[in-house]
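All remarks here apply to the structure that follows.
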Amino acid sequence: MPRHTGVVHGRARYGEAVPRFSDGSAGDADYGVIGAGYATIRQPDPRIEAVIWEALGDARTVIDVGAGAGSYEPRDRYVTAVEPSASMRAERPADRSPAIDGTADHLPFDDDSFDAAMATVTIHQWPDLEAGLAELRRVARGPVVLLTFTPEVPEDWWMPHYVPELFAVEAARMPGIDRIVAALGPSTTADIVPVPSDCIDGFGQAFYARPERTLDPEIRRAMSAWTFVEPEVAQRYTDTLTADLASGEWERTWGEFRSKAVFDVGLRLIVAR
Ligand SMILES: C[S@@+](CC[C@H](N)C(=O)[O-])C[C@H]1O[C@@H](n2cnc3c(N)ncnc32)[C@H](O)[C@@H]1O
């Protein structure tokens, strides 16, 4: 597992306790290696965006932690982005505010500095989940809004069938909903976010109705879990899926997935008020 191989460049600051990869990445994935081109694949989907923005309520000021290239940041509010990876900060489009270099476990802001906090598809990478969630809670007066995946995935889905190793990695990384609720308090809610079959956001699970898209190495690069499986596993996945798509085996066994309008791949909206 390529964990912190380029290690600490000595720029930890503001009391951060987490080790960094050479580009500043502060989670379990090195975005100095996989970050290039990320923003072109991980575009916000408007239907997912709508539920996040609604959860932010009437917040005028929002902190986005683990902000990456800025997916799902509202454009009609004042957003402060925090992102440890220089590669990911460089992916931010020109119409997004520049991100501050920082980590979730030690946000350089006073208590109650923002109306709301958000963190999308990032908490599974934080070395100290509870410290990060406590920081979101501390700096936000209003809702803390998370978008994350459950450790469990649907059993009757073709992708875990083809590459169980990938989902074993994700199951170990993704915190359970109970753990998140315990950290954020009893008023926390968790709701299913159904993923549309034509989802614009290219997270790996979004392609349940478009299996051929996962054969594209750029698509796989935007799903950090692939960096934790052996290259032979990825090769076996692409070889087997390619063969099954060509022979019609995939259509015979899993073809119903093409006609699903939405599917629950484990994506959840978590809101602590
Ligand atoms: C999968 S990307 C998601 C980016 C963006 N929020 C989105 O939804 O597209 C995960 C992000 O979390 C960041 N991250 C990892 N560990 C972190 C930490 N300890 N504190 C803050 N951000 C972290 C990574 O650098 C990366 O940009």
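Just so you know, ligand 1 is whichever comes first in the structure, and atom 1 is the first atom listed for that ligand.
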Quiz item: According to the salt bridge (Lys or Arg N to Asp or Glu O under 4.0 Å) rule, which pairs have a member within residues 196-208, sequence neighbours left out?
Solution: Arg42-Asp201, Arg47-Asp198
Practice problem: Run through the side-chain heavy atoms of Ile, Leu, Val, Met, Phe, Trp and Tyr, join any pair under 4.5 Å, and report what else lands in Met88's cluster. | Solution: Tyr31, Val33, Ile34, Tyr38
Self-check item: Which residues share a salt bridge (Lys or Arg N to Asp or Glu O under 4.0 Å) with Arg236, sequence neighbours left out
Solution: Glu165
Contact table ligand 1 N or O to protein N or O, d under 3.5 Å:
from	atom 1	to	atom 2	distance (Å)
ligand 1	6 (N)	Gly66	O	2.8
ligand 1	6 (N)	Thr120	O	2.8
ligand 1	6 (N)	Thr120	OG1	2.9
ligand 1	8 (O)	Arg42	NH2	3.3
ligand 1	8 (O)	Thr120	O	3.2
ligand 1	8 (O)	Thr120	OG1	2.7
ligand 1	9 (O)	Tyr38	OH	3.4
ligand 1	9 (O)	Arg42	NH1	3.3
ligand 1	9 (O)	Arg42	NH2	3.3
ligand 1	12 (O)	Thr122	OG1	2.7
ligand 1	16 (N)	Gly27	N	3.2
ligand 1	19 (N)	Ala26	O	3.4
ligand 1	20 (N)	Ala104	N	2.9
ligand 1	25 (O)	Glu83	OE2	2.6
ligand 1	27 (O)	Glu83	OE1	2.6
ligand 1	27 (O)	Glu83	OE2	3.2

Exercise. Answer with yes or no whether the side chains of Arg173 and Ser224 bring together a donor and an acceptor at under 3.5 Å.
Key: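 There is such a pair between these side chains.
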Quiz item: Can you say whether the rings of Tyr237 and Tyr162 are parallel (under 30°), tilted (30 to 60°) or perpendicular (over 60°)?
Solution: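 The rings of Tyr237 and Tyr162 stand perpendicular, inter-plane angle above 60°.
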Quiz item: Taking atom CD of Glu54 as the centre, does the number of heavy atoms from other residues, nucleotides or ligands within less than 6.0 Å exceed 12?
Solution: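 At most 12 heavy atoms, drawn from other residues, nucleotides or ligands, come within 6.0 Å of this atom.
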